[in-house]
S.K.: 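Before anything else, here's the structure in question.
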Number of protein chains: 2
Amino acid sequence: MGEFPTVTDVARVAGVSRQTVSNVMNTPGIVKADTRARVEAAITALGYRPHASARRLRTRRSSTIGIRLDPMIDGISGSVLDRFLHALTEQADARGLRVLLFTATSPEDEIDQFRRLNDGADVDGFVLTSTTADDPRTAWLLEHDIAFVTFGRPWQENDFTDPSHLWVDVDGHAGLYAATRAQQDAGARRIAYIGWPSPSGTGDDRRRGWHEAMLERGDVSAEELARLEVITTDGVDQGAAAMRQLARTAGGIDAVLCASDALALGAMIANPARVSVTGYDNTPIAAAIGLSSVDQPVDEVAAGVLELLTGEFEGQVSHAPDSASPRYRMVTPRLVTRQFEAIPRDSVPANALVDEVSR
Amino acid sequence: MGEFPTVTDVARVAGVSRQTVSNVMNTPGIVKADTRARVEAAITALGYRPHASARRLRTRRSSTIGIRLDPMIDGISGSVLDRFLHALTEQADARGLRVLLFTATSPEDEIDQFRRLNDGADVDGFVLTSTTADDPRTAWLLEHDIAFVTFGRPWQENDFTDPSHLWVDVDGHAGLYAATRAQQDAGARRIAYIGWPSPSGTGDDRRRGWHEAMLERGDVSAEELARLEVITTDGVDQGAAAMRQLARTAGGIDAVLCASDALALGAMIANPARVSVTGYDNTPIAAAIGLSSVDQPVDEVAAGVLELLTGEFEGQVSHAPDSASPRYRMVTPRLVTRQFEAIPRDSVPANALVDEVSR
DNA sequence: AGAAAAAGTTTGATCGATCAAATAATACCG
DNA sequence: CGGTATTATTTGATCGATCAAACTTTTTCT
């Protein structure tokens with residue numbers, strides 16, 4: 001293989017100047033049709049590909065977005081972000097954008113990476129996941145006029161309406177509201193909830209969805225409702241423990257909703273009565289076990305993120321509040337209903353089959 | 001915020017020339033100690049960061065590796081590659097490398113991406129996953145002298161020894177051999193295997209591990225061994241079906257090994273006798289359910305991949321077969337033993353607890 | 001038809017770094 | 001001490017593209 005052709009080579013072959021070749025690629029509208037055709041022919045004839053770094057050096061644009069990838073937290077919780085990453089990569093590709101990964105050990109370290117990647121024109125903007133209240137990263141990015149969009153709304157009062165902070169989030173409230181309604185429509189009255197300790201932006205949001213739906217129907221009194229709720233940290237074991245606690249203290253329950261699939265799996269395991277269990281995130285586990293779950297539509301989230309981010313690229317990086325389009329996207333999750341296929345209700349008690357197997 | 005400082009700015013402040021600044025960063029050894037100190041002081045004082053694109057344009061190096069990210073195949077199987085991606089990103093970062101993601105709809109499309117990314121100096125090399133026999137991608141990359149390492153050995157006879165094809169793989173044979181031995185040491189004799197249809201590079205490899213370990217012990221005759229094996233495609237339902245088939249046709253069994261966690265989960269579900277089940281890949285599911293599983297050490301794989309890939313960068317891209325270091329890495333997996341914690345052996349039969357719950 | 005406006009195209013400069021070669025400073029040695 | 005090696009530093013050119021402004025051609029309008 002010889003050397004790579006450059007704009008100059010293409011220009012020579014097409015009998016035009018460098019700049020015209022450049023125009024054909026970037027602003028084809030201003031090039032006369034037949035000239036453009038000639039240049040395009042030369043491009044394909046030579047197999048020309050623009051040198052991305054040279055372009056970046058000049059334009060200070062990279063068509064690349066950066067996203068931090070955490071060391072895998074061994075498990076279930078990471079899965080949504082992975083799905084999001086896949087969706088983001090795919091949709092970014094469709095828009096001619098690339099995704100660059102990096103890691104960071106702390107918010108400060110991450111800010112350092114922001115600076116490095118931004119100064120080096122490696123990326124045009126960032127996608128942040130798992131934002132916290134009072135996040136130092138968003139403050140820094142805003143201060144330095146660097147484009148970014150967060151997956152997750154800002155959980156602070158004043159930030160929520162801040163027009164310069166773009167975000168996309170999934171409406172956990174709506175998700176649990178729908179899940180509760182679905183159970184109620186199926187005849188359930190006493191619907192329990194296993195959730196995370198407050199304050200937790202996402203956790204509180206989900207809990208409210210259940211709580212409001214329950215109050216609206218009025219099937220149970222407010223004080224009974226309190227007994228139908230168990231607060232615990234995330235995890236399979238915790239879910240099982242919570243379920244056992246419900247069995248002890250809540251009286252009969254018709255269904256259980258959980259703040260996560262991990263909790264739901266635990267609940268399901270400690271669930272000899274085969275009460276309907278609904279999780280959150282629709283992880284592979286939910287699919288495998290046959291657990292209903294609230295699915296976060298990561299495709300829509302990714303689309304929203306890119307929409308906001310590229311909107312930011314195009315226009316100047318102005319934080320103009322007069323912008324007509326909204327500065328955020330709230331995505332409604334989808335309830336995925338499953339029957340307990342995996343551990344069938346009519347499964348024979350443990351030791352009944354031993355003989356048959358070893359017959 | 002002002003503009004970004006450049007080498008020239010640093011040079012001016014330090015009272016040296018551009019090139020000396022460059023040398024401090026790239027070949028510090030040739031700069032006199034006190035000059036170097038002065039330059040370094042200027043760098044930190046100005047907060048200078050090299051412009052990555054400018055450097056790339058000149059050096060034709062990007063310090064970035066490309067890897068294709070497939071649209072999520074909804075589920076369990078993707079998880080190992082995700083874990084690998086996390087490990088790769090983390091270790092690449094430690095070596096000053098970045099990871100660039102892209103997608104492709106077909107091998108041809110992927111080759112097109114290779115060309116684009118390579119010509120544009122976007123990446124220095126590629127990491128390929130899920131290689132097939134007679135892979136057009138590896139052939140193309142070899143032909144165009146582009147550095148790459150595959151996660152997965154070449155499954156063709158002649159490719160295996162090809163010194164120009166660098167690869168890292170996990171020794172599935174050793175994994176199943178160890179898993180079989182572990183069961184045998186625990187007293188099991190009749191150990192069944194649920195695997196994938198042949199030909200499948202990875203599948204056949206794993207199966208052989210079990211097969212050989214069984215033959216070596218000689219606890220069962222060769223013809224009995226054949227009845228202890230079920231071949232099926234991957235999936236939870238298929239695993240359950242295979243398990244039921246074993247119960248019907250194999251006679252009593254002491255343990256089951258599976259080619260994947262999906263199969264293992266299925267086997268576990270259709271496993272009223274609570275026979276020990278071992279999966280493969282140590283996915284979150286295995287952890288959640290309490291399934292033993294063969295764990296692919298993705299950290300070691302990532303380390304090996306980067307070692308081979310950077311070795312390739314450093315020296316010329318020569319395919320010199322005289323290279324002393326081996327052209328591949330075979331990583332031994334780790335057996336993770338778990339008790340069925342999740343669905344405890346002594347769990348009370350389904351309807352026994354109903355009364356207690358609704359007491 | 002002729003001047004002014006618009007459209008199309010070209011030329012020189014530039015982005016920020018490194019390479020290659022030239023120069024300056026220092027060390028070495030008989 | 002003079003002269004050659006060696007080390008340290010500097011200068012000019014260059015990577016491949018786009019920007020800004022100059023220039024040429026075509027269109028529009030009176």
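What you see is a predicted model, and the numbers here were worked out from it, not measured in a lab. Here is how names work: the chains are called A, B, and so on, in the same order as the sequence lines, proteins then strands, and each is numbered from 1.
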S.K.: Roughly, in whole Å, what's the span from CZ in B:R56 to P in C:dG16?
M.R.: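 My rounded result for the distance is 15 Å.
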S.K.: Rounded to whole angstroms, how far apart are CZ on A:F4 and P on D:dA17?
M.R.: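 Computing the A:F4:CZ to D:dA17:P distance gives 11 Å.
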S.K.: Tell me, do A:W140 and A:E110 make a side-chain contact under 4.5 Å, heavy atoms counted?
M.R.: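 Sidechains of A:E110 and A:W140: no contact.
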S.K.: Using atom types as modelled, flag every donor-acceptor pair under 3.5 Å from a side chain in residues 111-120 of chain B to any protein atom, sequence neighbours excluded.
M.R.:
from   : atom 1 : to     : atom 2 : distance (Å)
B:D112 : OD1    : B:R115 : NH2    : 3.4
B:D112 : OD2    : B:R116 : NH2    : 2.9
B:Q113 : NE2    : A:D93  : OD2    : 3.3
B:Q113 : NE2    : B:T103 : O      : 3.0

S.K.: Do A:R56 and B:D122 meet the salt-bridge criterion of a basic N to acidic O distance under 4.0 Å?
M.R.: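 Answer for the salt bridge query: yes.
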S.K.: Can you tell me how far C1' of D:dA17 sits from CG of B:D119, to the nearest Å?
M.R.: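 Distance check: B:D119 CG to D:dA17 C1' gives 15 Å.
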S.K.: Is A:V99 close to A:T64 at the side-chain level, that is, under 4.5 Å between some pair of heavy atoms?
M.R.: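 The answer is no; the side chains never approach within 4.5 Å.
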S.K.: Pairs of donor and acceptor atoms involving the side chains of residues 28-42 of chain A, under 3.5 Å and at least two apart or interchain, shall be tabulated with distances.
M.R.:
from  : atom 1 : to    : atom 2 : distance (Å)
A:R36 : NH1    : A:P28 : O      : 2.8
A:R38 : NH1    : A:A14 : O      : 2.8

S.K.: Strictly by modelled atom types, are B:T105 and B:D109 linked by a side-chain donor-acceptor pair under 3.5 Å?
M.R.: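 Yes, side-chain donor-acceptor contact under 3.5 Å.
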S.K.: Can you name the residues that form a ring-ring contact (aromatic ring centres under 6.0 Å, His included) with A:F84, not counting sequence neighbours?
M.R.: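 Expected list: A:F151.
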S.K.: B:T59 side chain N/O closer than 4.0 Å to the phosphate oxygens (OP1, OP2) of C:dT18?
M.R.: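 No, because none of the side-chain N or O atoms of B:T59 sits under 4.0 Å from OP1 or OP2 of C:dT18.
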S.K.: Hey, which sits more toward the 5' end of DNA chain D by its nearest nucleotide, A:N26 or B:A54?
M.R.: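 Whichever sits nearer the 5' end wins; that is B:A54.
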S.K.: So how far off straight is the helix from C:dA1-D:dT30 to C:dG30-D:dC1, going by the axes through five pairs at either end, to 10°?
M.R.: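 Nearest ten degrees gives 30° for this helix.
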S.K.: Distance check needed: C:dT14 C1' versus A:R55 CZ, whole Å only.
M.R.: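 Rounding to the nearest Å, CZ of A:R55 and C1' of C:dT14 are 17 Å apart.
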S.K.: Tell me, do B:T310 and B:R95 make a side-chain contact under 4.5 Å, heavy atoms counted?
M.R.: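 Side chain of B:T310 against side chain of B:R95, heavy atoms only: contact under 4.5 Å found.
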S.K.: How long is the line joining CG of B:L57 and P of D:dT18, in whole Å?
M.R.: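 That distance rounds to 12 Å.
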S.K.: Under 4.0 Å, heavy atom to any atom of DNA chain D: which of residues 40-51 of chain A qualify?
M.R.: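 Close to the strand are A:Y48, A:R49, A:P50, A:H51.
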S.K.: Produce a footprint string for nucleotides 6-13 of chain D: one letter per nucleotide, 5' end first; B if the base is under 4.0 Å from any protein heavy atom, S if only the sugar-phosphate is, - if neither.
M.R.: --SSBBBB
S.K.: Output the rounded distance in Å from CZ (B:R60) to P (D:dA17).
M.R.: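 From B:R60 CZ to D:dA17 P: 9 Å.
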S.K.: Just verifying a value: how many Å separate A:D70 CG and A:D82 CG, rounded to the nearest 0.5 Å?
M.R.: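 Here the rounded value is 10.0 Å.
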S.K.: Would a line drawn from the ring center of A:H165 to the ring center of A:F148 be shorter than 6.0 Å?
M.R.: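 Yes - the distance between ring centres of A:H165 and A:F148 falls below the 6.0 Å cut-off.
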S.K.: Looking at A:R55 and A:N26, what are the two nearest heavy atoms and their distance?
M.R.: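 So the two residues come closest at NH2-OD1, 4.0 Å.
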